[in-house]
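First comes the structure, then the notes that go with it.
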Amino acid sequence: MQTPPRLPVPVHLDEVLKALARNARLPVPLLRRLLHHGGALEEAARWRSDLTERLAEEIDALGHGKASHALACNPDLPVGMKRRLVHGDDASVRSALAGRDAPLPRDLVEAFVADPSAQVRRAAAANRRSPSDLRARLATDPDPAVRAELAQWWTDAPEEVRRTLLTDTDATVRAAACATYFCRLPHPVPPADLHPALLADPVTRAGVVAHLDLDPRTARRLAADEDPDVRGALAEHPELPPDLVALLGRDEDPLVRVKVFLRKDIDESLRKVIHAGLRAGSEKTKMDPFDADEEDVLCSFAMLELHIRIVPWVWEDPLPYVDSPYAVFRRSAAAAGDALPWTAVARLFDDPDNEVRKTMAAAVSVLDPDTAERLERVHEESRKWPGRPADNAVFPPETMRRFASDPDPRMRALALRDPELPAELVEGLAQDDEARVRREAATHPNLPAPALLLLLGDADMRTTRAAAGSPHLPREAMEAILAVAEL
C-alpha cells in the first residue's frame with residue numbers, strides 16, 4: 001500500500017474539507033470518514049449527486065437533523081430518502097423538497113399540495129414539475145400568499161385557473177396574476193372579456209395595459225394615471241398616439257421616460273433629450289449618492305435598464321443601428337450575430353462599449369482567434385454579467401502556449417483552458433503570482449501531483465477549494481487531508 005504524502009496543515013483546512021466533500025472522485029470509505037466534519041457533511045448532503053439511500057440516511061443521522069435541509073435541497077436525492085424527509089416535522093425541509101426542480105412521485109406532490117404549512121404549499125405552487133391537476137388545487141388555497149405564488153410562477157396555467165386567479169377576492173393575488181413582471185415565461189395574456197374589470201382595478205391596471213386594444217380616450221386617461229407603473233406600461237404600448245408619446249417622454253418619472261426612449265416611433269430629438277437627462281441624473285448619483293435626489297436615483301435605474309436590454313425591433317432589423325449613438329441599440333444590433341454582414345460585425349467588435357463587444361462575440365457562431373484575442377485584451381470583466389470573448393473561440397495550441405507566458409494574468413489563466421497544455425507550463429502557472437491563475441491551474445489534468453498538493457495549502461481560499469475539488473487529486477492526497485484533519 002502506498003504511503004500517503006506528508007501534507008502540512010492547510011491554511012484553509014475547513015474549506016479544503018468542504019471542497020473535498022464535493023469531489024466526485026472521493027471514494028465512499030473516505031467520504032464516510034469525512035462526514036464526521038460538520039461543514040463537509042452538509043456540503044456532501046447538498047451537492048453530491050451519487051448519494052445512495054443508505055449514505056443519505058447516515059448523513060441525516062450524523063447531522064442530528066441539521067443536515068436534513070441540505071439533503072432536501074439535493075435534486076439527486078434518492079426517492080426513498082425524500083419519502084422519509086416528507087414525514088418530518090420541519091416545514092422548511094418539506095418546503096425544500098417541494099420546490100426542487102426534479103421529478104417527484106405523484107403521492108409526494110399530493111402531500112405537498114395538502115401540507116398544513118403554507119410555506120410548503122407555496123413551494124409546490126412555484127414548482128413547474130408539479131402535475132397540472134394537483135397544482136390547480138392551489139388556485140383555491142385558503143392562504144392568499146399561496147395563490148399569489150401560483151399566479152406568479154404558473155404562467156402557462158389552463159385558462160380556468162388563470163381566470164380564478166385574476167378574479168380572486170384578494171388584491172395581492174389579482175396583482176400577481178395580472179402584473180408587468182412574472183417569474184417565468186411566457187407571460188400570460190388575460191382573457192379579453194376580463195379587460196374592463198382589470199382596467200378598473202388599481203392593482204391590475206398596469207398589468208393589463210399591454211393587452212388592450214387601445215382607444216384614444218382610454219390612452220389619455222391612462223397617461224394621467226397617478227401610478228407610474230401604469231404610465232410606464234402605456235409608454236410601451238404599440239398603439240400609443242404620437243401626442244401621448246411626446247407627453248410621456250417628458251414624464252416626471254425616469255422609468256417612464258426610458259420606456260419612451262426605447263420606442264421605435266419617437267422623434268429622434270426627443271430620444272436625445274431623454275437620454276441626456278437620464279445620463280445626467282445617473283452620473284450625479286455615481287459622483288455623490290448622498291447628494292442625489294430620488295429622481296437621480298431613478299435615472300441610474302433607468303440607465304441600468306439600458307445597459308441590459310436587447311431591443312426586439314432593433315434586433316429584427318439591426319443594420320441601421322450598428323452606428324447608433326446609443327449603446328443599447330448597438331448592443332441589440334450585435335445580438336443579431338451571423339445575420340449581420342462582416343463589415344458590420346467588424347465595426348461592432350471595435351465598439352467603445354464593452355457590453356457591445358461582448359454581445360457581438362457571443363452572438364457569432366464562430367469567433368476567429370485573432371479577433372477573440374484582441375477583444376480579450378480590452379475586455380472589462382463584470383460579476384453581474386460573466387463571460388468573455390474567448391468563450392466563443394477556439395485557439396490553436398501554439399496560441400495557448402504563448403498565452404501561458406503573457407504579461408496579462410487574464411491571458412495566462414486563459415491558457416489553462418487548453419487540456420493539452422504541457423505539464424511544465426501548467427506547473428509554472430500553478431506557482432503564478434496571481435491567485436486567479438493558480439486557481440485555474442488547480443484543476444488542469446496535466447498538473448503534476450506534487451504541484452497540486454502544494455495548492456492545497458495556498459493562501460487564496462478559492463484556490464485551495466479548487467485543488468481539493470480537482471478530479472485529478474490522487475487518493476493518497478485525499479487520505480493525507482483526512483489525516484491532517486484527524487478524521
Side-chain angles (χ1 to χ4, degrees), residues 1-86 88 90 92-93 96-97 100-103 439 442-445 447-458 461-487:
M1 181 176 178
Q2 189 171 354
T3 304
R6 295 176 65 86
L7 184 71
V9 179
V11 178
H12 305 289
L13 179 58
D14 283 348
E15 294 300 319
V16 167
L17 294 171
K18 287 193 287 186
L20 184 60
R22 294 174 62 168
N23 193 316
R25 300 290 298 275
L26 182 69
V28 171
L30 300 189
L31 173 60
R32 283 196 163 98
R33 289 168 55 189
L34 187 57
L35 294 178
H36 291 279
H37 179 273
L41 178 137
E42 290 196 24
E43 203 86 355
R46 173 66 181 87
W47 297 106
R48 291 198 71 88
S49 60
D50 58 352
L51 292 181
T52 62
E53 190 169 338
R54 181 179 174 183
L55 262 175
E57 289 175 356
E58 290 179 29
I59 289 173
D60 200 32
L62 284 168
H64 302 291
K66 294 182 180 179
S68 297
H69 190 273
L71 285 167
C73 290
N74 189 328
D76 300 304
L77 192 68
V79 172
M81 191 63 197
K82 291 179 181 178
R83 293 187 188 282
R84 178 172 172 171
L85 293 175
V86 163
D90 191 337
S92 68
V93 172
L97 282 169
R100 286 308 93 197
D101 190 14
R439 190 160 57 245
T443 57
H444 198 281
L447 180 64
L452 178 55
L453 295 183
L454 286 176
L455 291 179
L456 290 169
D458 198 274
M461 183 180 70
R462 293 172 64 190
T463 300
T464 63
R465 285 191 63 97
S470 171
H472 312 292
L473 188 67
R475 175 172 179 149
E476 295 76 20
M478 297 176 181
E479 291 175 340
I481 294 171
L482 296 177
V484 165
E486 299 181 351
L487 293 172

What do the steps show when you test L97 against V86 for side-chain contact (heavy atoms from CB on, under 4.5 Å), and what is the final call? CA-CA 8 Å; L97 282 169; V86 163; 3.9 Å; yes
Within a reach of under 6.0 Å around CZ of R46, are more than 12 heavy atoms found that belong to other residues, nucleotides or ligands? yes
So does S49 get a backbone contact from the side chain of N74, meaning a donor-acceptor N/O pair under 3.5 Å? no
Looking only at heavy atoms, the pair that brings A67 and L41 closest together is CB-CD2, 3.4 Å
Please step through side-chain contact (heavy atoms from CB on, under 4.5 Å) for the pair R84 and E53, ending with a clear verdict. CA-CA 10 Å; R84 178 172 172 171; E53 190 169 338; over 6 Å; no
Contact summary for G457 and T464, nearest pair of heavy atoms: C-CG2, 4.3 Å
How long is the gap from CE on M478 to CG on L473, to the nearest 0.5 Å? 4.5 Å
How long is the straight-line distance from CG of D50 back to CG of L31, given to the nearest 0.5 Å? 7.5 Å
Return yes if a side-chain donor-acceptor contact under 3.5 Å exists between D60 and S68, otherwise no. yes
Rounded to the nearest 0.5 Å, how far apart are CZ of R32 and CG of L26? 11.5 Å
Going through the checks in order, is the side-chain contact (heavy atoms from CB on, under 4.5 Å) test met by L487 and L17? CA-CA 10 Å; L487 293 172; L17 294 171; 4.2 Å; yes
Shortest non-hydrogen contact from A96 toward H69: CB-NE2, 3.9 Å
Rounded distance [0.5 Å steps], CG in L71 versus CE in M81: 5.5 Å
So, do D76 and L51 sit near enough that their side-chain heavy atoms are less than 4.5 Å apart? no
Is it the case that the side chain of R25 and the backbone of P471 share a donor-acceptor pair, with hydrogens and angles ignored and the cut-off at 3.5 Å? yes
Pairing donors with acceptors under 3.5 angstrom, does anything connect the side chains of H12 and D458? no
Any chance you could measure L55, atom CG, to L77, atom CG, to the nearest 0.5 Å? 11.0 Å
Work out which heavy atom in L452 is nearest to a heavy atom in P474; give both atom names and the distance. CD2-CD, 4.4 Å
Nearest heavy atoms of A40 and A21, plus distance in Å: O-CB, 3.3 Å
With side-chain contact (heavy atoms from CB on, under 4.5 Å) as the test, would you mind laying out the steps for L447 and L455 before giving the verdict? CA-CA 11 Å; L447 180 64; L455 291 179; 4.0 Å; yes
If you define the side chain from C-beta out and look only at heavy atoms, does anything of L30 sit under 4.5 Å from L20? no
Compare every heavy atom of A477 with every heavy atom of L453, then report the nearest pair and how far apart it is. CD2-CB, 3.1 Å
Answer yes when K18 and E15 have at least one side-chain N-carboxylate O distance shorter than 4.0 Å, and no when they do not. yes
Look up atom CD1 in I59 and atom CG in L62, then write down how far apart they are to the nearest 0.5 Å. 8.0 Å
